[in-house]
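Values in this document were obtained by computation on a predicted structure and should not be read as measured data. Hydrogens, waters and symmetry mates are skipped; everything else that's a heavy atom, side chains included, is used.
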Amino acid sequence: MRHSITSVTRSASAGDLPEKVFDQSLSEDAALEKLGYEQELKRSFGLFGMIGFSFSIVTCWTALGGVLIVGVESGGAPVMIYGWIGVCLVALAVAYSMAEMCSAYPVAGGQYSWVAILAPQKWARGLSYVCGWFMVIGILAMGAVNNFIGSNFILGMAQLTHPDTYTIERWHVSLLAYLFAFGACASNIFLPHLLDKISRGILLWNIASFFVVIITILATNDHKQPAHFVFSDFQNFTGFGNSYTAVLGILQSAFGMCCYDAPAHMTEEMKDARKSAPKAIVYSVYIGAFTGLVFLISACFCIGDIDTVATTPTGTPLIQIFFDSTGSRGGSCALASLITVIVIFCANSLMAEGGRAVWAFARDGGLPFSSILKKVEKKRQVPVYAILFTMVVQMAFNSIYFGTVTGFTTVISIATEGFYVSYAIPLLARILSRITNSYTHLPGPYSLGRYGLILNIVGFLYLMFAVVIFNLPTLSPVTSENMNYTCAAIGAIMLIAAVTWILTGRKHFSGPEGGKIMDARHGEGTVLEGMPDRSSVAPEVQEEKKA
């Protein structure tokens with residue numbers, strides 16, 4: 001249900017307005033009502049639980065291990081390590097920028113809601129809609145990638161223990177990925193009250209597993225690679241030139257450092273969200289950067305024969321590294337099992353994040369069948385239909401692997417590009433607001449001050465560079481089997497978005513409070529250009545929103 005704002009306290013000075021719109025003494029529910037939304041979800045998350053939730057998704061060291069094949073083939077250890085350091089530095093610029101916006105406007109819509117509020121008036125609605133679609137697709141595709149990774153680890157362990165009798169088939173991976181999606185969906189619908197406790201527990205499991213894995217492979221490996229292999233020897237299995245290959249290698253790091261917007265989509269289930277959510281965003285990046293770097297260096301020292309690792313029959317280079325280090329199939333499976341548990345709970349968290357993102361976007365009329373997807377099951381206070389939709393789309397992405405050997409890499413690219421475009425648009429909105437003199441200081445307790453614009457620009461330039469490389473072919477010669485179909489997939493998604501806009505979005509899509517709060521700096525009660533005012537919405541739609 002949406003609420004209308006009867007009055008907004010105004011000041012003679014435009015610079016003072018944001019503080020009046022969101023006074024720090026407001027409760028979380030009151031702040032949410034200022035944006036035009038009713039509190040429908042239960043606030044159960046604290047700071048520690050949200051850091052655990054966010055890091056269970058970011059969990060850089062396991063994400064890097066899951067897509068290690070990308071780095072091994074595209075530059076090897078030096079590209080993985082130096083690329084990771086560079087990506088983490090610029091990712092912090094993005095994380096700090098998003099933390100500032102999240103602190104000011106803690107709403108489950110996250111990126112697209114910030115764009116609707118902060119972009120210049122004439123572009124706000126269109127940019128918000130595009131951002132929302134990329135955000136939703138990125139989150140849903142990332143869930144599918146995580147399901148792929150979990151499937152690869154389980155099947156890789158099966159192949160390692162039965163090398164003569166079992167061969168991994170693509171359909172095995174897809175079917176097991178379906179099971180991951182189904183299990184996460186069931187957990188989110190029937191056990192939502194345990195999500196905070198699960199998040200706290202998995203954070204401890206994650207950190208403990210990190211130390212167990214690192215210490216074990218370093219202690220048991222008696223044939224470590226020399227330092228020059230780790231820090232200077234370039235490896236190229238792509239068929240392209242070295243410069244191009246080095247650029248491709250960044251995809252692994254870009255994927256590993258992603259998804260740190262997760263707390264933004266859970267703000268309506270957090271206590272003290274304006275302070276805790278920004279901290280969770282930034283802390284998860286710092287923890288991920290450290291664990292990811294230590295993991296990459298350790299794994300690269302313990303890599304055995306590079307050709308064997310790149311072409312391992314387990315389909316998972318990290319399992320091969322475990323086996324090369326320990327010399328034990330049982331020990332390798334034990335280490336891989338630690339990561340598999342993390343991946344299982346990551347699937348649960350990504351299902352929760354995806355469900356909330358779909359629900360929030362549907363609540364603003366941004367998706368087909370929004371009237372259904374925006375519904376919240378009252379007893380458990382869970383958006384059941386949005387979660388079911390998330391599961392179905394994840395499974396659809398997992399089905400790509402049936403048709404192409406590069407399906408895994410393609411879904412990685414779709415997921416990462418979806419996230420990165422949705423990260424870039426809010427930063428662009430802040431930059432454009434400077435250019436058009438519509439810039440306002442954000443009212444939240446988490447402020448970047450004079451460093452805000454610099455961080456916005458650095459983050460935006462990195463994100464745009466990354467978006468380009470996600471669409472490049474990864475193997476040469478390029479064939480129909482190994483082609484990177486990210487462009488085609490993104491094109492199909494945007495075609496669906498365009499059709500949805502024409503049929504329903506242009507009439508019904510609206511950001512926070514139909515544009516009133518987002519245009520507070522232009523005049524009391526003013527509705528943004530092109531934004532459907534509640535009074536102009538068809539009576540049957542108004543009745544639907546009241547229901």
Side-chain angles (χ1 to χ4, degrees), residues 1-2 36-37 40-41 107-113 115-116 124-144 181 185 188-189 265 350-377 382-400 411 414-415 417-419 421-422 425 488-512 514-515 530-532 534 536-547:
M1 181 188 294
R2 306 294 295 270
Y37 301 107
E40 296 183 85
L41 307 180
V107 59
Q111 298 95 297
Y112 85 85
S113 296
V115 173
R125 192 175 179 224
L127 284 177
S128 176
Y129 185 77
V130 171
C131 181
W133 269 90
F134 273 104
M135 176 194 77
V136 168
I137 291 303
I139 295 173
L140 300 186
M142 190 61 74
C185 178
N188 270 268
I189 291 176
H265 305 294
L350 280 166
M351 185 67 67
E353 181 189 5
R356 273 60 171 186
V358 169
W359 166 74
F361 201 37
R363 182 174 59 176
D364 286 323
L367 292 171
F369 310 108
S370 289
S371 60
I372 297 175
L373 295 175
K374 72 178 183 180
K375 291 182 179 179
V376 174
E377 199 272 319
V382 172
V384 173
Y385 293 108
I387 292 172
L388 290 171
F389 178 81
T390 299
M391 179 191 71
V392 171
V393 176
Q394 285 185 3
M395 294 171 70
F397 276 122
N398 290 137
S399 299
I400 294 177
V411 178
I414 294 171
E417 180 162 336
F419 271 105
V421 172
S422 75
I425 295 178
I490 293 295
I493 291 164
M494 294 318 296
L495 177 61
I496 296 172
V499 172
T500 302
W501 173 261
I502 293 171
L503 295 178
T504 61
R506 62 192 175 91
K507 183 177 181 181
H508 300 301
F509 173 68
S510 61
M531 186 68 68
R534 291 289 177 257
S536 67
V537 176
E540 62 271 17
V541 178
Q542 293 187 31
E543 290 302 318
E544 179 188 334
K545 289 181 177 294
K546 292 177 183 177

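Taking CD1 from Ile502 and CZ from Arg506, the interatomic distance works out to 7.5 Å, rounded to the nearest 0.5 Å. Here CD1 of Ile490 is found 11.5 Å from CH2 of Trp133. Values are rounded to the nearest 0.5 Å. Put simply, CD1 on Ile414 and CD1 on Ile400 are 4.5 Å apart, with the number rounded to the nearest 0.5 Å. Separation of atoms CD (Gln111) and CD1 (Ile425) is listed at 9.5 Å; rounding is to 0.5 Å. Interatomic distance, OH of Tyr385 versus NZ of Lys374, reported as 13.5 Å (0.5 Å rounding). Distance check, rounded to the nearest 0.5 Å: CG of Leu140 to CD of Glu353 gives 9.5 Å.
Among all heavy-atom pairs drawn from Ala386 and Val358, the shortest one is CB-CG1, 3.8 Å. Between His508 and Arg125, the closest heavy-atom pair is N-NH2, 4.3 Å. Of all heavy-atom pairs between Val411 and Ala144, the closest is CG1-CB, 4.1 Å. Of all heavy-atom pairs spanning Cys185 and Leu388, the tightest one is SG-CD2, 3.7 Å. Among all heavy-atom pairs drawn from Ile139 and Ala357, the shortest one is CD1-CB, 3.6 Å. Here the closest non-hydrogen pair linking Pro368 and Thr500 is CG-OG1, 3.6 Å.
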Worksheet item: Run the side chain to side chain contact (heavy atoms under 4.5 Å, CB included) check on Val130 and Val115 step by step: do they pass?
Response: CA-CA 10 Å; Val130 171; Val115 173; over 6 Å; no
Next on the checklist: Applying side chain to side chain contact (heavy atoms under 4.5 Å, CB included) to Met351 and Ile387, what does each step give before you reach the verdict?
Outcome noted: CA-CA 7 Å; Met351 185 67 67; Ile387 292 172; 4.0 Å; yes
Verify side chain to side chain contact (heavy atoms under 4.5 Å, CB included) between Phe389 and Ile372, making sure each step is shown before the conclusion. CA-CA 10 Å; Phe389 178 81; Ile372 297 175; over 6 Å; no
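Side chain of Arg356 to main chain of Pro383: no donor-acceptor pair is present (N/O by atom type, distance under 3.5 Å, no hydrogens or angles). Counting only distance, with no hydrogens or angles, the side chain of Arg363 and the backbone of Trp359 share no donor-acceptor pair below 3.5 Å. Panel note: side chain Ser128, backbone Tyr112; a donor-acceptor pair is recorded below 3.5 Å.
Between Phe361 and Tyr129, the angle of the ring planes lies from 30° to 60°, which puts this pair in the tilted group.
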